[in-house]
Amino acid sequence: PTSRGADVWILVGRQARPPAAWQREGFRDTGDACEWRDTDLRRAPCRLLYKTTRAGERVRLTGSTLDYVVLVREVPAP
């Protein structure tokens, strides 16, 4: 199957500093306010990093000791 590319988001804690490698990979802070549950299931502020990829483009995320979630969605058809 062919792909149109993907939107990739990374959620990390607001206080956490994302690895510089993620910025070099092209992820940018959206500036949107968000909230998630921390390790103790308490509400905690988070930040949302974002990148759009082309079909076939590789995305490399270096490992981190941060808590983070990666979400991927195929770019919608025009």
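By convention here, the first residue in the shown sequence is residue 1.
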Counting only N and O atoms by type, is there a donor-acceptor contact under 3.5 Å from the side chain of Thr53 to the main-chain atoms of Ala6?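 Here the side-chain-to-backbone pair exists.
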
Rounded to the nearest 0.5 Å, how far apart are CG of Asp29 and CZ of Arg47?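 These two atoms lie 5.0 Å from each other.
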
Is [Y] close to [X] at the side-chain level, that is, under 4.5 Å between some pair of heavy atoms?
| X | Y | answer |
| --- | --- | --- |
| Arg42 | Arg37 | no |
| Leu61 | Ile10 | yes |
| Asp67 | Asp38 | no |

Please give me the minimum heavy-atom distance between [X] and [Y], naming the atom from each residue.
| X | Y | answer |
| --- | --- | --- |
| Pro45 | Trp36 | O-NE1, 3.9 Å |
| Leu48 | Leu11 | CD1-CD1, 3.5 Å |
| Thr30 | Tyr50 | CG2-CB, 3.6 Å |

Any side-chain hydrogen bond (donor to acceptor under 3.5 Å, both in side chains) pairs touching residues 8-26, not counting sequence neighbours?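 As it turns out, the side-chain hydrogen bond (donor to acceptor under 3.5 Å, both in side chains) pairs with a partner in residues 8-26, which skip direct neighbours, are Glu25-Lys51.
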
For a side chain to side chain contact (heavy atoms under 4.5 Å, CB included) with Asp7, tell me which candidate from Val75, Val72, Leu71 qualifies.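 The side chain to side chain contact (heavy atoms under 4.5 Å, CB included) with Asp7 is passed solely by Val75 among Val75, Val72, Leu71.
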
Applying side chain to side chain contact (heavy atoms under 4.5 Å, CB included), run through Tyr68 and Leu49 and close with a yes or a no. CA-CA 11 Å; Tyr68 62 95; Leu49 307 174; over 6 Å; no

Full working for side chain to side chain contact (heavy atoms under 4.5 Å, CB included) between Val70 and Val8: CA-CA 7 Å; Val70 178; Val8 183; 4.1 Å; yes

